[in-house]
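Only one structure is covered here, and it is reproduced in the block below.
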Amino acid sequence: MLRRTYKVKGGDVNDFMVMQDFAYQSYTSSIVDAFLFERGYSKQKLTEKKVGFRKYCEEFVHLKELMFTQHFLLNLELLNTDKDNKRMRFRSRFFNVKNELCAMAILQLYWFDYNNENIIAAPRKVVEHFLG
């Protein structure tokens with residue numbers, strides 16, 4: 001669905017120069033934002049429509065270390081949506097330069113209406129971008 005190449009930065013690592021769990025979650029969250037932005041759904045545009053979303057990292061599996069200054073590939077894919085499109089589940093996979101799987105995260109995304117603060121179905125056009 002979406003693939004991006006990144007480089008492990010100084011703020012992502014611990015004292016042993018190994019990428020920390022919070023950095024994996026941050027990259028997972030930012031790739032969803034990037035996907036929406038590329039399709040014309042910036043945070044500003046969603047705010048104008050009084051629609052937003054919340055992200056929740058459901059599962060994280062760490063397999064291999066990513067080190068400081070190492071390049072990695074992040075792959076985002078939609079796993080599923082519930083029947084009324086209120087919840088979307090994504091899997092992000094982190095690969096090193098040897099194309100070895102280093103980590104995997106499952107992220108849930110919930111849509112809500114700012115006016116009444118209820119969880120709502122994702123906007124139809126947004127869902128179409130994820131599915132198509």
Side-chain angles (χ1 to χ4, degrees):
M1 174 191 223
L2 183 63
R3 297 176 71 123
R4 288 272 167 87
T5 301
Y6 296 98
K7 185 177 183 180
V8 180
K9 298 177 276 185
D12 299 335
V13 298
N14 61 19
D15 292 341
F16 302 103
M17 300 298 174
V18 176
M19 192 156 115
Q20 299 180 83
D21 290 353
F22 80 86
Y24 289 100
Q25 293 175 2
S26 177
Y27 283 108
T28 297
S29 179
S30 68
I31 198 168
V32 171
D33 293 340
F35 181 84
L36 288 170
F37 183 80
E38 287 177 2
R39 277 134 183 97
Y41 295 97
S42 65
K43 288 190 182 212
Q44 180 182 1
K45 184 175 181 179
L46 291 172
T47 300
E48 288 171 4
K49 293 182 177 207
K50 306 287 188 210
V51 175
F53 56 87
R54 300 248 195 260
K55 295 174 261 186
Y56 167 72
C57 188
E58 176 182 320
E59 182 180 342
F60 177 73
V61 178
H62 185 261
L63 303 168
K64 289 185 172 250
E65 306 292 348
L66 285 172
M67 304 298 289
F68 178 58
T69 71
Q70 186 176 7
H71 288 86
F72 65 93
L73 177 71
L74 178 53
N75 180 21
L76 176 75
E77 61 185 309
L78 178 67
L79 291 177
N80 58 27
T81 63
D82 60 3
K83 65 180 178 175
D84 50 2
N85 291 328
K86 289 184 178 180
R87 178 180 65 111
M88 304 171 93
R89 291 180 71 227
F90 296 91
R91 175 173 53 202
S92 58
R93 294 181 294 171
F94 295 77
F95 296 93
N96 62 19
V97 292
K98 297 177 185 176
N99 207 28
E100 299 170 320
L101 182 61
C102 296
M104 184 175 56
I106 305 294
L107 180 82
Q108 287 189 35
L109 190 130
Y110 295 92
W111 294 87
F112 66 94
D113 181 347
Y114 281 136
N115 292 328
N116 57 20
E117 298 181 7
N118 288 335
I119 294 175
I120 61 170
R124 186 181 51 82
K125 289 187 177 188
V126 171
V127 174
E128 289 172 1
H129 284 299
F130 281 113
L131 297 176

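Each residue takes its place number in the sequence, starting with 1. Keep in mind it's a predicted model, so treat the numbers as computed, not measured.
No side-chain heavy atom of Val8 sits under 4.5 Å from any side-chain heavy atom of Met17. Between Phe90 and Ile31 the shortest side-chain heavy-atom distance does not fall below 4.5 Å. Put simply, the side chain of Phe16 does not reach to within 4.5 Å of the side chain of Glu65, judged on heavy atoms. A 4.5 Å side-chain heavy-atom check between Asn85 and Trp111 finds every atom pair outside the cut-off.
Residue Phe95 comes nearest to Asn75 through the heavy atom pair CE1-CB, 4.2 Å, listed as atom of the first residue, atom of the second, then distance. Nearest heavy-atom pair, Met88 versus Ala122, reported as atom, atom and distance to 0.1 Å: SD-CB, 4.4 Å. Annotation for Tyr6 and Ser30: closest pair OH-OG, 4.4 Å, computed over non-hydrogen atoms.
The side chain to side chain donor-acceptor pair (under 3.5 Å) check on Glu77 picks up Arg91, Arg93, with sequence neighbours excluded. In this structure, His71 has no ring-ring contact (aromatic ring centres under 6.0 Å, His included) partners at least two apart in sequence or on a different chain.
A salt bridge (charged side-chain N to carboxylate O under 4.0 Å, His left out) check over residues 109-118, counting only residues at least two apart or in different chains, returns nothing. Residue pairs meeting the side-chain hydrogen bond (donor to acceptor under 3.5 Å, both in side chains) criterion with at least one partner in residues 7-22, sequence neighbours excluded, are Asp12-Tyr27.
Remark: Asp82 CG to Arg89 CZ distance equals 10.5 Å, nearest 0.5 Å. Leu74 CG to Thr5 OG1: the interatomic distance, rounded to the nearest 0.5 Å, is 9.0 Å. Taken from CZ in Phe37 to NZ in Lys43, the straight-line distance is 12.0 Å, to the nearest 0.5 Å. Between atom CZ of residue Phe94 and atom OG1 of residue Thr28 there is a gap of 3.5 Å, rounded to the nearest 0.5 Å. Atom OH of Tyr56 sits about 14.0 Å away from atom CG of Leu109, to the nearest 0.5 Å. The distance from the CZ atom of Phe35 to the CG atom of Leu78 is 8.5 Å, given to the nearest 0.5 Å.
A continuous path of ILVMFWY side-chain contacts below 4.5 Å connects Leu2 to Leu107, so both sit in one hydrophobic cluster. The cluster map of Ile, Leu, Val, Met, Phe, Trp and Tyr, joined by side-chain heavy atoms under 4.5 Å apart, puts Phe72 and Phe68 in the same cluster. Cluster annotation: Tyr114 is not connected to Tyr41 through the hydrophobic network of ILVMFWY side chains, with a link wherever side-chain heavy atoms come within less than 4.5 Å. Clustering ILVMFWY residues whenever any of their side-chain heavy atoms sit less than 4.5 angstrom apart, transitively, puts Val18 in the very cluster that holds Leu66. Criterion: ILVMFWY side-chain heavy atoms under 4.5 Å apart, direct or through other members. Under it, Met67 and Val13 are part of a common hydrophobic cluster.
Hydrophobic cluster of Leu79: the remaining members, joined at side-chain heavy-atom separations below 4.5 Å, are Ile106, listed by chain and number.
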Exercise. Given the rule in the side chain to side chain contact (heavy atoms under 4.5 Å, CB included) test, do Arg3 and Leu73 qualify, once you have shown the distances and angles that lead to the verdict?
Worked result: CA-CA 7 Å; Arg3 297 176 71 123; Leu73 177 71; 2.3 Å; yes

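Looking at Ser26, its side chain never comes within 3.5 Å of a backbone N or O of Phe22 through a donor-acceptor pair.
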Solution key, residues 96-103 side-chain donor-acceptor pairs under 3.5 Å, sequence neighbours excluded:
residue : atom : partner : partner atom : Å
Asn96   : OD1  : Lys98   : N            : 3.0
Asn96   : OD1  : Asn99   : N            : 3.2
Asn96   : OD1  : Glu100  : N            : 2.9
Asn96   : ND2  : Glu100  : OE1          : 2.7

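The aromatic rings of Tyr24 and His62 sit perpendicular, their planes meeting at an angle over 60°, well past the 30° parallel limit.
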